[in-house]
Structure formats: structure tokens, C-alpha cells
Amino acid sequence: MICPPSPSNISQAAAIIRQGGLVAFPTETVYGLGADATSQQAVQQIFKVKRRPALNPLIVHLSNCQQLPEVADIERQPKTALRVEKLKIFWPGPLSLILPKRPCIAEAVTAGLDSVAVRIPNHPVALSFLAACKLPVAAPSANLSSAVSPTSAKHVEEVFGSLVHMILDGGACQIGLESTVLSLLDDKPQILRPGAVTKEQLNMALGEEVVLRAQAKGLQAGVYLSPGQALRHYAPKTKLAFLSDAPRQTLPARTGLISFSAVSAAGVQLDLAKVCVLSTNGDLNEVAAKLFAAIHELDKAGLDLILIDSCAEEGLGQAIMDRLRRACCTNSEL
Ligand code: TXA
Ligand code: MG
């Protein structure tokens, strides 16, 4: 059930979590599907309803930095504590850190790994909810495994309905792409998933070079970047392909287009059944914020093919293109 984020609904949502139930909640990136991160049984329900492979670990959400030492061992290496201190400027915000884990985190959360992903989301409803839970909350994106992430409460309800005990409504997500995942386990910090906190921002904050782990481009199907970072991901039911890859002569009758700017849409000389322009002037922040909602919408429009724009892989463009490459068919699949 979709519920407005009133104080009484937030307390009820926290009570559901403390009793081992599931609550979907808004964050600034995408909606999360939360459960008590210290309860193996509660977390296993997330994997069940999402049909998520048990090998794909979850992100633990906190309401403040004081909780961090309870879930992660940041003192194991002196370098780690220092890096975390520098990165705290991004919290609350769209950055998840992979750190050595503490035993209180249930095994299922980390898929048996010795490390845990942690973040403090920057959304008032998420922060009030997490504070009321008084527990670390494990939450993947609230979509079926491999499908497009939800950026509204409605997206969550359409997929999970009553399987989730409560859906807190915090409106449309401001950022619209999942958090940057940064591993601090190795000698060099590594980005496992690009997001709204960019490589350039991380380099600057840390004062050292951050490595971007191999991207989907050039990878073979089945090769994992981080557990669960499968090549084919974020995919709608309708075929999605880059506009630049589309076979011009043999387009299906019902082809739709998601364009990043009005200029780019105007330049397309194709017979299109539906066109969606994400930003008049091609502002990538706006493109990211509206991207998943547009894919959800066109996926429901009875099209045979959805064509999509692309952008330069710099700054936020890196995260946008990472998600789209995983969601798109290759030329040979068209
Ligand atoms: O923005 C977000 O991060 C959203 C909101 C709800 O916070 N959550 C999200 O969760 O996107 P999910 O489960 O869809 O993605 C979690 C990512 C996966 O790619 C997973 O492999 C990686 O984090 N991950 C989690 N724990 C890890 C670990 N210990 N080592 C390496 N990767 C890890
Ligand atoms: Mg996800």
C-alpha cells in the first residue's frame, strides 16, 4: 500500500522493519526495498520477492555517520579510516562505500562476503524512516532483479503490490540513477558502479586517483564487475537499442524514441509511434532524473522497439551510459 510519509506512517514503517517485514522507501537515487540488515530471515525475504540471485549483495542504509562503526570495521587499515573521513562530505548522498564488515550484519546481506556496502541517503523521508528504525536497513533498488529501477512509489506498487508491507511515498526521485559504488578494500579506491558522485569528484575529495573498474563496454556476457553487476541489467520488456545502432530501413512499425534534448529529437528523420524528450536543452541532471520513468512509460506503450539517445561519457554521462549499455540490445540482437 502506498502511504504518505506522515509521522505516524513513518513510525509504523519502522515498526514493520523491527518486526522483520519489508518497507519500500524513497531515496534521492531510486526507491529501495528495506529490511532489518541484522536479521537473516528478514533479508532473505528481499531476495525472494525481488527474485534476486543470493550471490548479489545488498547496500546497508544508515541515518547518520555515528552508526558506521557498528556495521563496518573502518579501523582495520589506517588508510581506510582516513579515506572514509574525506568521503563523508558526500553523505548524506549518492555514494555507497564497500568496507570490511562487522559481524552484526546478516550473512545474506553481503552474500557471504567479508565486506559490506554502506550509504546514508539524502532524502528527508529516508532519513526520518532510518532514524526511526534504529537499525541498519539493507535495501536494494525496489524492482525485480535485472529490471529497470523504480523512481516513484507507483513503479514499486506496480511490481510488488501487497508483497511489500508498506510503500512510503516521497515523490519522484531527484537523481534517478543508483548510487556510485566505491570499494575501499584495495590499494586503490575502485568505482564498481558509476553514479551521480563522479570519478572527478572522488579524485578531488580523496586527493588520489580513483580507478573505474572495467565497464560493460567490451565485456563478455556473464562477466561480473562486482557481484551482481551483470552485463544484462536494467532491461525493460520491450527491446531497447541505441539510436545510433538502429537499422534505418527495417524499423518495426511501432518504434518509440527517448531523446535527451529537443534538438536531438528534431534531427531524427524516422517514422515514430511515440517520442519522449527528457530535457529541452539536454541537461544531463534532468535526463538522469527522468530516464527510468521514461523507460517504464514506453515499456507499457505496446511498442516493438524503443530507441534511445546517448551522451558523452563524462561526469554524470558515465553513469547514464553505464546503465543504458546494460539495458540495450546489441546490434546483432535487433
Ligand atoms: O542508490 C542506490 O544504491 C539504491 C538505493 C535504494 O540506495 N540501491 C541499489 O541497490 O541500487 P542494488 O542492490 O540495486 O545495488 C547494489 C550494488 C550491486 O551492484 C552490488 O553488487 C553492489 O552494490 N554491492 C553491494 N555489496 C557489495 C560488496 N560487499 N562488494 C561489492 N559490491 C557490492
Ligand atoms: Mg538494483
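Atoms within each ligand, like the ligands themselves, are counted from 1 in listed order.
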Exercise for the section: Before accepting this row, confirm whether a basic side-chain N of the pair Asp271/Arg254 lies closer than 4.0 Å to the acidic partner's carboxylate O. Expected result: no
I need the atoms of ligand 1 closer than 4.0 Å to a non-hydrogen atom of [X], numbered in the order shown.
X	result
Leu113	28 (C), 29 (N), 30 (N)
Thr29	1 (O), 2 (C), 4 (C), 5 (C)
Asn56	18 (C), 20 (C), 21 (O)
His61	5 (C), 6 (C), 7 (O)
Leu58	25 (C), 26 (N)
Ser115	28 (C), 29 (N), 30 (N)
Gly32	6 (C)

Problem - Arg193-Ser179 side chain donor-acceptor pair, cut-off 3.5 Å - result: yes
Problem - 2.8 Å cut-off met by an N, O or S atom of Ser141 to the Mg ion (ligand 2) - result: yes
Problem - Atom pair NZ (Lys290) and CD1 (Ile295), whose distance is rounded to the nearest 0.5 Å - result: 14.5 Å
Exercise for the section: Could you label the plane-to-plane angle of the Phe25 and His61 rings as parallel, tilted or perpendicular, counting under 30° as parallel and over 60° as perpendicular? Expected result: perpendicular
Problem - Residue portion contacting ligand 1 (non-hydrogen atoms closer than 4.0 Å) for Arg119 - result: side chain
Exercise for the section: Pick one of side chain, backbone, both or neither for how Thr110 approaches ligand 1, counting any non-hydrogen atom pair under 4.0 Å. Expected result: neither
Handout entry: From the candidates Asp114, Ile59, Leu192, Ile175, the one that places a heavy atom nearest atom 16 (C) of ligand 1
Key = Ile59
Handout entry: Minimum non-hydrogen distance to atom 13 (O) of ligand 1, winning option of Gln190, Arg52, Glu178
Key = Arg52
Exercise for the section: Assess whether atom NZ of Lys88 is packed by more than 12 heavy atoms of other residues, nucleotides or ligands within 6.0 Å. Expected result: yes
Exercise for the section: State whether the number of non-hydrogen atoms from other residues, nucleotides or ligands found under 6.0 Å of Glu200 atom CD is greater than 12. Expected result: yes
Handout entry: Which atom of Val287 lies closest to which atom of Ser279, heavy atoms considered
Key = CG2-CB, 4.1 Å
Problem - Heteroatom distance test (Lys50, ligand 1): nitrogen or oxygen, under 3.5 angstrom - result: no
Exercise for the section: Using the side-chain contact (heavy atoms from CB on, under 4.5 Å) rule, take Asn9 and Phe129 through it: C-alpha gap first, then chi angles, then the decisive distance, then the call. Expected result: CA-CA 9 Å; Asn9 283 340; Phe129 160 67; over 6 Å; no
Practice task
Run the numbers on Ser149 and Glu178 for side-chain hydrogen bond (donor to acceptor under 3.5 Å, both in side chains), then give the verdict.
Solution key: CA-CA 8 Å; Ser149 290; Glu178 304 83 350; 2.5 Å; yes
